[in-house]
Amino acid sequence: MGRAFVGIQPSFPAAAREALKDSQLRTNLAHATGTIRGKRARVTEELPDWEFLREAARGIKQQTLADLADLLVEFEKNAQAAGAIVHWASSAEEAIAVVREVAERHGVESFVKVKSLTTDEIGLNEAMNAVGVDAYETDLAELIVQIANEHPSHVLVPAIHKNRSQIRDLFIEHLGANEDTVDDPAVLASIARAHLRSRFLDAKMAVSGANFAIADTGSLVVVESEGNGRMCLTLPEVLVSIVGIEKIIPSWEDLEVMMQVLPRSSTGERMNPYTTIWTGTAEHDGPAEVHIVLLDNGRSRTLAEPVGRDALMCIRCSACMNVCPVYERTGGHAYGSVYPGPIGAILTPQLLGPGQAETLPYASTLCGACYDVCPVMIDIPSILVHLRATGPHGGTEKAAFAEVARTLSNARGMRRAHRWARFGLPLARLGSALRIGPIRAWSRSRSLPQVPRESFRDWWNTR
Ligand code: SF4
């Protein structure tokens, strides 16, 4: 069975063309990303050492990737010593099998969920529904996406593509709100709160991800805004946390840096409202049974990539999405992955492996805005260029540029190219206008240059 990412079809160009027809979507996205961009800019500008913090965060993640094997073993040892049961899953299927086994052993027919991209990545909800166990999302935005029967379109704000009145309509249809309900955020939140309260109180089991896993104590950290995550992490008797192996950081000192850069970069807050940290189990406090599933699912292969491995440094803050001109116009669904935007364009093809999501590295203007805001300084544009060069069209591009280099590096070649351009370019322009010929796709959004009647050499020779 393949990995359970949300469908990678249609390819990005086709999906983006469809998304661009939706003017309501573009309005929602422009408003939401613009607001978060402004908040992030304000709280990062007020820190005189912001750039040093970014460098420190990058250093921590780079060192972590270099020592990952040792840190994972250290985390496992410390988490087990604190009472957690640690599982290793090389694939989505293995991770799902752990959740299924735990659910069956405890006889649960449903569980509550903390917002988690990793569980979306492995398609946990769909897989568990297929065996008769319901997954209830408790994050407000995830709940909206779930009742709409859609997928998240942003890593931080999963329902960013929906506005208040669309959410109100969903609540009337699925959560029993009456027709007089107004689309006021406080009213809508109170309806969701009432709906979720009974879910929390009835739940025997919860599933979460984690923002960070601290190796030197075996602790897990969940950073959130609503407190719903904390309810899931403390009320049920059984907790299963599915954690990508790249979420490890060596120590609590490193967490101090991460907790300064993450909330500022994601929600534009100095500090997020709820940070829950737990270490194994404790008598009469929180879940009595804690499972931690350390998930690979393509990460080891990505780690072996000398250039692309930096994508594993991502702390899922979403800042790159909020500044990306492509994301702002197409929205997240066009990427066909739970990781949309610039990070999705470099992470998804690598996690999925060769031959998958090959158009995503082209979903970028290479403007560099993502690199400028990334709190761990991932050079996303360079990785995009690298993935394009090593992708299926990379060979053609390489051959074309080798020919250009050969031509431009000798005078005879240049003269021949000038002659060709005088006859070839008008033909190519005609082909482009008629949408035929080899450059029709390239010229869809670009204009071929006009050819002057006389080349500079000819002009020079006649004078
Ligand atoms: S790549 Fe950087 S900016 Fe984008 S989500 Fe990851 S950490 Fe945030």
Side-chain angles (χ1 to χ4, degrees), residues 32-33 36-37 39-41 43-44 50-51 53-65 115-118 120-121 152-158 160 209-212 221 223-225 244-249 254-255 257-269 272 299 302-303 305 307-328 331-332 335 337-351 357 360-361 363-387:
T33 55
I36 307 174
R37 262 200 316 267
K39 284 173 72 182
R40 180 207 159 269
V43 296
T44 54
W50 176 246
E51 289 305 315
L53 278 169
R54 287 179 75 208
E55 277 171 25
R58 176 181 176 79
I60 291 165
K61 292 303 275 187
Q62 278 195 320
Q63 192 61 45
T64 299
L65 293 186
K115 176 180 177 298
S116 155
L117 287 164
T118 313
D120 293 342
E121 173 190 322
S153 65
H154 188 280
V155 302
L156 176 75
V157 197
I160 197 169
N211 294 87
F212 303 104
V221 184
V223 176
E224 49 140 357
S225 296
I245 54 174
E246 82 286 13
K247 297 288 176 69
I248 292 277
I249 52 172
D254 302 313
L255 183 66
V257 175
M258 294 303 170
M259 290 307 294
Q260 291 184 73
V261 294
L262 178 57
R264 283 186 159 85
S265 301
S266 58
T267 48
E269 294 167 305
N272 54 291
R299 286 159 174 80
T302 306
L303 188 64
E305 290 290 330
V307 178
R309 65 184 300 181
D310 278 7
L312 294 175
M313 298 197 303
C314 175
I315 55 171
R316 314 278 191 266
C317 73
S318 81
C320 56
M321 267 151 251
N322 300 328
V323 295
C324 177
V326 176
Y327 177 88
E328 189 176 316
Y335 293 77
S337 160
V338 291
Y339 304 114
I343 181 60
I346 59 170
L347 187 61
T348 305
Q350 296 195 91
L351 288 183
L360 284 188
S364 169
T365 62
L366 301 180
C367 69
C370 47
Y371 183 27
D372 293 341
V373 296
C374 178
V376 285
M377 301 174 89
I378 300 174
D379 186 354
I380 297 175
S382 294
I383 300 177
L384 286 167
V385 171
H386 170 75
L387 292 176

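Whatever order the structure lists them in is the order used to number ligands and atoms, beginning at 1.
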(message) Would Ile380 count as a contact residue for ligand 1, given that I'm defining contact as a non-hydrogen atom of the residue lying under 4.0 Å from a ligand atom?
(response) yes
(message) Please determine whether a side-chain nitrogen of the Lys or Arg among Arg316 and Glu246 lies less than 4.0 Å from a carboxylate oxygen of the Asp or Glu.
(response) yes
(message) I'd like to know if Arg37 pairs up with Glu328 as an ion pair, taking the criterion as any Lys NZ or Arg NE/NH1/NH2 lying under 4.0 Å from an Asp or Glu carboxylate oxygen.
(response) yes
(request) Please state which part of Cys370 comes within less than 4.0 Å of ligand 1, counting heavy atoms only: side chain, backbone, both or neither. (result) neither
(request) Using a 4.5 Å cut-off on heavy atoms from C-beta on, say whether the side chain of Leu262 contacts that of Asn211. (result) yes
(message) Between Asp372 and Arg54, does any NZ, NE, NH1 or NH2 come within less than 4.0 Å of an OD or OE carboxylate oxygen?
(response) no
(message) Below 4.0 Å from ligand 1: does a non-hydrogen atom of Pro375 turn up there or not?
(response) yes
(request) Run the salt-bridge test on Glu121 and Arg299 with the 4.0 Å N-O cut-off and return the result as yes or no. (result) yes
(request) Starting from atom 7 (S) of ligand 1, locate the nearest protein heavy atom and write down its residue, its atom name and how far away it is, to 0.1 Å. (result) Ile315 N, 3.4 Å
(request) Would you check if Lys247 and Thr118 make a side-chain contact, meaning some heavy-atom pair closer than 4.5 Å? (result) yes
(message) Could you tell me if the side chain of Pro325 sits less than 4.5 Å from the side chain of Cys367, heavy atoms only?
(response) yes
(message) Taking 2.8 Å as the cut-off, does Cys317 contribute an N, O or S atom near atom 8 (Fe) of ligand 1, distance below it?
(response) yes
(message) Distance check below 2.8 Å: does Cys320 bring an N, O or S atom to atom 4 (Fe) of ligand 1?
(response) yes
(message) With a cut-off of 2.8 Å, does Cys314 put an N/O/S atom close enough to atom 2 (Fe) of ligand 1?
(response) no
(request) Return the residue, atom name and 0.1 Å-rounded distance of the protein heavy atom closest to atom 2 (Fe) of ligand 1. (result) Cys374 SG, 2.4 Å
(message) I need the nearest protein heavy-atom contact for atom 5 (S) of ligand 1: residue, atom name and distance, please.
(response) Ser318 N, 3.2 Å
